[in-house]
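Remarks on the structure that follows.
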Amino acid sequence: MAGLNPRQEEACSYTEGPLLILAGAGSGKTRVITHRIAYLISEKSVNPYNILAITFTNKAAGEMRERVDAIVGFGAESIWVSTFHSMCVRILRRFHERLGGKNSFTIYDADDQKAAVKEVLRLLSFDEKQYPVRAMIAAISKAKESFLSPDEYDRQAAGNYRDQNVAKIYREYQKRLRSNNALDFDDLICKTIDLFMQHPDVLELYQERFRYIMVDEYQDTNHAQFVLVKMLAAKYRNLCVVGDDDQSIYKFRGANIYNILNFEEEYPDAKVVKLEQNYRSTSNILNAANGVIANNEGRKDKSLWTENPEGEKVLFTRYEDDRGEAVGVCKKIFDLMKEGHTLSEMAVLYRTNAQSRVLEEQMIRENIPYQLVGGTNFYARREIRDLVGYLKCIANPADDISLGRIINVPRRGIGDTTVTKMRDFALEHGMSLYDVLLDAEQVPGLSRSMAKISAFAELMQGFRREAEEGNLTILYDDILKKTGYREELERENTDEARSRLENLRELGNKISDYELHAEHPSLTELLEEISLVADTDEQEMGTDRLTMMTLHSAKGLEFPFVFMVGMEERLFPSGMSLDSDDPDAEEEERRLCYVGITRAKERLFMSAASRRMVNGTITYPEESRFIDEIPKNLLRREGRGEGRSSGNDPFGGRPLGRDSYGDRYYDEWQGTTFQKKAYGSDRNRRVPGAPVRPKATIQKGIPTAATIDYQVGDTVKHIKFGRGVVTEMVKGGSDYEVTVNFDTAGEKRMFASLAKLRKV
DNA sequence: GAACCCATCATTTTT
DNA sequence: TGATGGGTTC
């Protein structure tokens, strides 16, 4: 096996029986998995048809698919490479009838769940304050993960009034889902397990098929997933799990670290292979990570090492406040660019999404194109949810939740009162809301809105007929047109409306794209893809951009240059975790820190602010304990304060007004910053509902010297600062640093490649 | 039925 | 700070 180290080779060639691969960060895990599959096929003559590889995200599945295809060649397409959830959907689409359900079920996402729980609360007259929707969803999800049926949940709640009520909510929720012919994400796993338990013949069918099973990111599995894998692997026992307990950061969503920690107890004959050689980071970075993670107890014994050069020390900078931190990060980014590095080599990582705002604002001011990863999901946007609601409803009229969502969107005079009457009627007669819609004359007291209702019913029936004809692109366009959805937005004529229209166009593109490429396009399958495949944000190519995201989202990625910002007590580690009575909470934060550090290949910049606005209040955080845990000889400190300050005197005694801000930094960073004026005025706020990645800041095409048509003395126009005169142009790195004296904004320096200046 | 105001409450997130 | 949701008012 070419290019594999002995441990990696061992992991690839040990094919029979249970195998645990403890793959440290950057140890070539994906390579091992793909090589192992290739080995199974070419050396062990395993039929590709008998191999199953499970991952967590579609992205990971896609990447694995690609690499497996490349390395295996013939037969690769018959390997199942899949996420847990899509695997279960595939199975349930075939066998859900055996459980008394339909094979054509709808999948409910978080939003649908929320709506369903709300309905249940209303029905049972529970107060949302006492039984918050979020908490109820979490409780139901937890129950499902440990296979507690509503009845069992009720039994366990014995004597606990509140839990008994939660059981009632859970029971009603399940009832609701069933009558809506819908399954939520947890159901997908649980129902598959149910199926296997109740129908051993079906289980055996899949056991026979999946003789070799591999599970990636095993530390992220929850209990239900653990059981599912165990069942599938029970017959042939060729189960290979790959993971890193030190990178377990998803406990809050049910991941059970003991699945990996106790693998050897579950499978006493398991072989364990540790991949400890890191190929990613400099030794300084790696040892910093090792230093931090060593403070955790209860981890698998392993120590990562590398043959990579030492590299530079980790840099820790303490800034005056969050804004100063953003300025400082930008400055360092420019420094790196001057050294010839590109933005796509850099990432800014933070603990909470709320931190992105200040950073974004600064990036916009400094013309640094960036890409936000994560945040609001494309499919979570209102307009998208509305249109998907229509599609769901057309595909599955029993889906009361989706119908409820769109019945008066856009406004068509079917108001709350009317809908409530129809709902009550449906409930009373055991009908679906859609049934009632078609037959609304029966419902007493609807006379006034009757006309509106029949018009809408007619509209929906028309869509359903259209859906049967099968052209999804046309159907989608007709929905936009005939419901007046598009028209309403066009009339609005605001930035927000335009952005929504743009999103709707994007959805349209996705649908025609799906229709073009799918083997047998169907509305059901389209919706399945929409529900299951959330990673919609294809990289817009052609622009060199900085990546910004949470530490969680960064898992599995790597960048030459990484900024970890907000290294402050109670921000990171989060206050929530420090206040938690779960002793593992702090350790999970530490693992998150470990994940962050190990994303960096060449250089790691950490920073903290001495003053930060959190939830509308000013706080004076101490620097994070994790900074302390990095071995001193690997860390270089910079900026105000040495060591962990008490935080009592963050201003150095000077009062700090908002307006003095720019001046201070002007003093501090003169000659290097690109701002020469105070900049409190031009705050660039995100338009509500606008795409999370502000399109305006994403600049396509990098001007080269050839495309720069202005020179010193020319008047140019800037997208933000308006007109100005070029006073200086200096070649720096791969392009020009241009100084412009703006009419209104004063003098600023910027990179020609980023500033998008136009000669006027 | 829609606009407006006030109170409340704030990690992390994929499927 | 800011988003969100409920309640109120027109």
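In what follows, chains carry the letters A, B, and so on, assigned in the order in which the sequence lines appear, proteins first and then strands, with residues in each chain numbered from 1. Computed over heavy atoms, backbone and side chain alike; hydrogens, waters and symmetry mates excluded.
Using a 4.0 Å cut-off between charged nitrogen and carboxylate oxygen, A:E128 and A:R122 do not count as a salt-bridge pair. Contact check on A:K144 versus A:D187 returns a salt bridge, with a Lys/Arg side-chain nitrogen under 4.0 Å from an Asp/Glu carboxylate oxygen. Residues A:R405 and A:D386 are paired through a salt bridge, judged by an N-O separation under 4.0 Å between the basic side chain and the carboxylate. Ion pairing between A:R299 and A:D246 holds under the 4.0 Å rule for side-chain N and carboxylate O. Note on A:K555 versus A:D220: salt bridge recorded, some NZ/NE/NH1/NH2 to OD/OE distance being below 4.0 Å.
At whole-Å resolution of the value, CD in A:E128 and P in C:dT4 are 15 Å apart. Summarising the geometry, the separation between CD1 on A:I54 and C1' on B:dT15 is reported as 14 Å, rounded to the nearest angstrom. Between A:L92 atom CG and B:dT15 atom P the separation is 18 Å, expressed in whole Å. Atom CZ in A:F378 sits roughly 16 Å away from atom P in B:dT15 (whole-Å rounding). We find that CG of A:L188 is positioned 8 Å from C1' of B:dT15, with the value rounded to whole Å. The distance between atom CZ of A:R90 and atom C1' of B:dT15, rounded to the nearest whole Å, is 17 Å. With rounding to whole Å, A:Q355 atom CD is found 18 Å from C:dT1 atom P. For the pair A:H85 NE2 and B:dT14 P, the interatomic distance rounds to 12 Å; values are reported in whole Å.
When heavy atoms are screened at a 4.0 angstrom cut-off, A:K114 is found touching the sugar-phosphate backbone but no base atom. Contact annotation for A:F185: base contact, defined as any heavy-atom pair under 4.0 Å involving a base atom. Within 4.0 Å of A:G575, counting heavy atoms only, lies no atom of the nucleic acid at all. If you check every strand for non-hydrogen atoms under 4.0 Å, A:D416 touches sugar and phosphate atoms only.
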Scan nucleotides 10-12 of chain B against the protein and return all N/O pairs shorter than 3.5 Å with their distances rounded to 0.1 Å.
from: B:dA10; atom 1: N6; to: A:N615; atom 2: O; distance (Å): 3.2
from: B:dT12; atom 1: OP1; to: A:N353; atom 2: N; distance (Å): 3.0
from: B:dT12; atom 1: O4'; to: A:R351; atom 2: NH2; distance (Å): 3.0
from: B:dT12; atom 1: O2; to: A:R351; atom 2: NH2; distance (Å): 2.6

Any protein N or O atoms within reach of nucleotides 2-5 of chain B? Criterion: under 3.5 Å, listing atom names and distances.
from: B:dA2; atom 1: OP2; to: A:R411; atom 2: NE; distance (Å): 2.7

So which protein nitrogen or oxygen atoms get under 3.5 Å of nucleotides 7-9 of chain B's nitrogens or oxygens?
none

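By the side-chain hydrogen bond (donor to acceptor under 3.5 Å, both in side chains) test, A:Y350 is found to be paired with no residue, residues two or more places apart in sequence or in another chain being considered.
Pairs passing the salt bridge (charged side-chain N to carboxylate O under 4.0 Å, His left out) check and including a residue from residues 129-141 of chain A, sequence neighbours excluded, do not occur.
The residue among A:T418 and A:T83 whose nearest nucleotide of DNA chain B is located toward the 5' end is A:T418.
At least one donor-acceptor pair under 3.5 Å links the side chain of A:D112 to the backbone N or O of A:D109. Within the 3.5 Å criterion, the main-chain N or O of A:V292 finds a donor-acceptor partner in the side chain of A:N295.
Classified by interplanar angle (parallel below 30°, tilted 30° to 60°, perpendicular above 60°), the ring pair A:W80/A:F210 is tilted. The aromatic rings of A:F572 and A:F626 sit perpendicular, their planes meeting at an angle over 60°, well past the 30° parallel limit.
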Side-chain donor-acceptor pairs of residues 583-595 of chain A under 3.5 Å, sequence neighbours excluded:
from: A:D584; atom 1: OD2; to: A:R591; atom 2: NH2; distance (Å): 3.1
from: A:E586; atom 1: OE1; to: A:R625; atom 2: NH1; distance (Å): 3.2
from: A:E586; atom 1: OE2; to: A:R590; atom 2: NH2; distance (Å): 2.7
from: A:E586; atom 1: OE2; to: A:R625; atom 2: NH1; distance (Å): 3.2
from: A:E587; atom 1: OE2; to: A:E297; atom 2: N; distance (Å): 2.9
from: A:E588; atom 1: OE1; to: A:R591; atom 2: NH2; distance (Å): 3.1
from: A:E588; atom 1: OE2; to: A:Y250; atom 2: N; distance (Å): 3.4
from: A:E588; atom 1: OE2; to: A:K251; atom 2: N; distance (Å): 3.0
from: A:E589; atom 1: OE1; to: A:R351; atom 2: NH1; distance (Å): 2.9
from: A:E589; atom 1: OE1; to: A:S574; atom 2: N; distance (Å): 2.9
from: A:E589; atom 1: OE2; to: A:R351; atom 2: NH1; distance (Å): 2.6
from: A:R590; atom 1: NE; to: A:E629; atom 2: OE1; distance (Å): 2.8
from: A:R590; atom 1: NE; to: A:E629; atom 2: OE2; distance (Å): 3.4
from: A:R590; atom 1: NH1; to: A:N296; atom 2: OD1; distance (Å): 2.8
from: A:R590; atom 1: NH2; to: A:E629; atom 2: OE2; distance (Å): 2.8
from: A:R591; atom 1: NE; to: A:S248; atom 2: O; distance (Å): 2.7

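In terms of phosphate contacts, A:N58 brings no side-chain nitrogen or oxygen within less than 4.0 Å of OP1 or OP2 of B:dT14.
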